[in-house]
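Each remark here refers to the structure printed beneath this line.
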Amino acid sequence: MTLLSVNLNKIAVLRNSRGGNEPDMARAAVTCIEAGCGGITVHPRPDLRHVRPDDVRALAAILRGRVEYNIEGNPFAAPRGAYPGLLALAREVRPTQVTLVPDSDGQITSDHGFDLAQDAQRLRPLVAELRELGCRVSLFVDPGATGFEHAVAIGVQRVEIYTGPYAHAFAEGDAKEQLELCVETARRAQQAGLAVNAGHDLSQANLGTLRVAIPGLAEVSIGHALIGEALYEGLAATVRKYLQILR
C-alpha cells in the first residue's frame, strides 16, 4: 500500500498566527499516527513561517520507532537566526527521509523541482552526507522531468513528483494530459531504479485517480487539503478516509 505521510505545516501556521502552543503539533502528530498514517512530513523554512526547528526536534522524539519522519527543504538555504539549515537539522534528528526541494524564501509554497542534469553535481556531496546519516534521500521533480540517471549516479533513492499542475487540471475538469505526464515521469524514474513519491495539492477528490494510474507509488505527502478537510470532519476521520483511498 502507498504510504500516507501527513504534512503538519498548516497546524503550525494556525498556532503561529496566535502565538503559544495551540493547536499542539505533538498532539496533531499522535492523532494522525493513531488514525493509521505511515509517516509525518514537515517543511521547516528559514523564515519560520510555520514549522520551526524546535518542532522538528520535538517531533523526532515522538515519531522515532513509530512511523517514518520526512523532512523537506532547500539544502542550499543558509542558516539564519533560529534556523540552523536543513542538513544541520538532519544531523540532529536523523529522519527517515529528507526530501530536497529547490524553493526560495519568497515562495508561498514549493512550485518547481530540480533540473537533474544541471543540479546533480551540486547536490552530490549533500546527498552523500545525508546517506551517511542513514537518511533516505528524495528529490522534488517536475512532471515531465528527465535525466533520472543523474539522480541515481549521486546516490538519490527516490523522487517526489510535483502534483500541483495535475491537481489544478483535475479541479478544472480535464486532468488527462497532466495525469499522463505524471505517469510517464514515474515510469522513467522507476526504470532508472528510483522509487516514486508524489505530493502537492493532493486531496480526497484527486488522490484515487493518481494512485490507480501510477503502479508502485511509494508515498504521498499531503498537508494543505487534508488539514482543510479535517476542519469539517475531524483530523482522525480525515486521515482514515485518505487511507481508505490508498487501499
Side-chain angles (χ1 to χ4, degrees), residues 1-9 29 32-33 37-44 51 53 55-57 59-77 84-103 110 113-114 116 119-142 145 147-163 182 185-200 202 211 214-223 246:
M1 180 177 139
T2 303
L3 184 141
L4 171 64
S5 188
V6 178
N7 187 314
L8 296 181
N9 287 356
C32 293
I33 294 166
C37 81
I40 296 293
T41 291
V42 293
H43 187 149
V51 171
D55 296 321
V56 174
R57 299 177 184 112
L59 287 170
I62 294 168
L63 304 182
R64 190 165 289 115
R66 300 181 73 177
V67 297
E68 293 198 358
Y69 193 14
N70 175 46
I71 300 179
E72 303 177 338
N74 183 351
F76 302 114
L86 183 66
L87 264 71
L89 284 172
R91 291 185 200 110
E92 285 187 59
V93 305
R94 308 292 178 99
T96 316
Q97 177 173 270
V98 177
T99 301
L100 305 181
V101 183
D103 56 0
S110 304
F114 285 103
L116 298 178
D119 296 325
Q121 291 312 308
R122 190 163 67 123
L123 288 165
R124 181 187 289 275
L126 308 179
V127 172
E129 180 174 351
L130 290 169
R131 291 290 303 271
E132 287 176 6
L133 292 173
C135 305
R136 183 171 66 231
V137 180
S138 178
L139 297 184
F140 200 58
V141 299
D142 294 317
F148 293 108
E149 67 277 8
H150 299 290
V152 172
I154 64 171
V156 172
Q157 296 142 296
R158 292 192 183 186
V159 292
E160 179 178 326
I161 299 173
Y162 168 47
T163 51
C182 290
T185 305
R187 184 188 65 79
R188 287 197 295 264
Q190 289 167 338
Q191 286 181 339
L194 297 163
V196 173
N197 299 342
H200 210 87
L202 295 175
R211 170 66 187 87
I214 300 179
L217 182 62
E219 176 185 317
V220 289
S221 175
I222 306 178
L246 291 172

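The first residue of the sequence shown is numbered 1, and numbering continues consecutively from there.
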Just wondering, do Phe76 and Leu123 contact through their side chains at under 4.5 Å, heavy atoms?
yes
So which atom in Asn74 and which in Pro102 form the shortest heavy-atom distance, rounded to 0.1 Å?
ND2-C, 4.3 Å
Considering only heavy atoms from C-beta outward, does the side chain of Asp119 approach that of Arg122 to under 4.5 Å?
yes
Gap separating the SG atom of Cys32 from the CD1 atom of Ile40, nearest 0.5 angstrom
5.0 Å
Where Pro75 and Leu87 come nearest, the two heavy atoms and their spacing:
CB-CD1, 3.9 Å
At their closest point, which heavy atom of Ala189 faces which heavy atom of Val159, and how far apart are they?
CB-CG2, 3.8 Å
Got a donor-acceptor contact below 3.5 angstrom from the Asp142 side chain to the Gly113 backbone?
yes
Rounded to the nearest 0.5 Å, how far does CE of Met1 lie from CG of Leu217?
11.0 Å
Closest non-hydrogen atom pair between Val196 and Ala186, with its separation
CG2-O, 3.8 Å
Tell me if a side-chain donor or acceptor on Arg158 pairs with a main-chain N or O of Thr99 at a distance below 3.5 Å.
no
Got a donor-acceptor contact below 3.5 angstrom from the Asn9 side chain to the His43 backbone?
yes
Okay, side chain of Arg57, backbone of Val93: is any donor-acceptor separation there less than 3.5 Å?
no
Is the side chain of Tyr69 donor-acceptor paired with the backbone N or O of Val56 at a distance under 3.5 Å, no angle test?
yes
When you measure from the side chain of Thr163 to the backbone of Ala198, do you find a donor-acceptor pair of N or O atoms at a distance under 3.5 Å?
no
Decide yes or no on side chain to side chain contact (heavy atoms under 4.5 Å, CB included) for Asn197 and Val220, but give the supporting numbers first.
CA-CA 6 Å; Asn197 299 342; Val220 289; over 6 Å; no
Is there side-chain contact between Leu86 and Val98, with at least one heavy-atom pair below 4.5 Å?
yes
Measure the shortest side-chain to side-chain distance between Glu72 and Asn7 over non-hydrogen atoms and say whether it is less than 4.5 angstrom.
yes
Quick one: do Arg91 and Glu132 make a salt bridge, cutoff under 4.0 Å?
no
Grab the two heavy atoms, one from Cys182 and one from Ile161, that are nearest each other, plus how far apart they are.
O-CD1, 3.6 Å
Does the side chain of Thr41 pick up a donor-acceptor pair with the side chain of Ser5 at under 3.5 Å?
yes
Starting at CD1 of Ile33, measure out to CZ of Arg66 and round the result to the nearest 0.5 Å.
4.5 Å
Return the CG to CG distance between Leu100 and Leu130, rounded to the nearest 0.5 Å.
6.0 Å
Does Gln157 use its side chain to pair, donor to acceptor, with the backbone of Val137 at less than 3.5 Å?
yes
Ile71 and Pro44: which non-hydrogen atoms are nearest, and at how many Å?
CG2-CD, 3.9 Å
Heavy-atom side-chain contact between Glu160 and Glu219 under 4.5 Å:
no
Starting at CG of Leu3, measure out to CG of Leu246 and round the result to the nearest 0.5 Å.
8.5 Å
Would you check if there is a donor-acceptor pair between the side chains of Arg124 and Gln121 at a distance under 3.5 Å?
yes
Using 0.5 Å steps for rounding, measure from the CD atom of Glu68 to the OG atom of Ser221.
11.5 Å
Establish, from distance only, whether the side-chain atoms of Asn70 and Gln97 form a donor-acceptor pair under 3.5 Å.
yes
May I ask you to check whether Phe140 and Phe114 place their ring centres under 6.0 Å from each other?
no
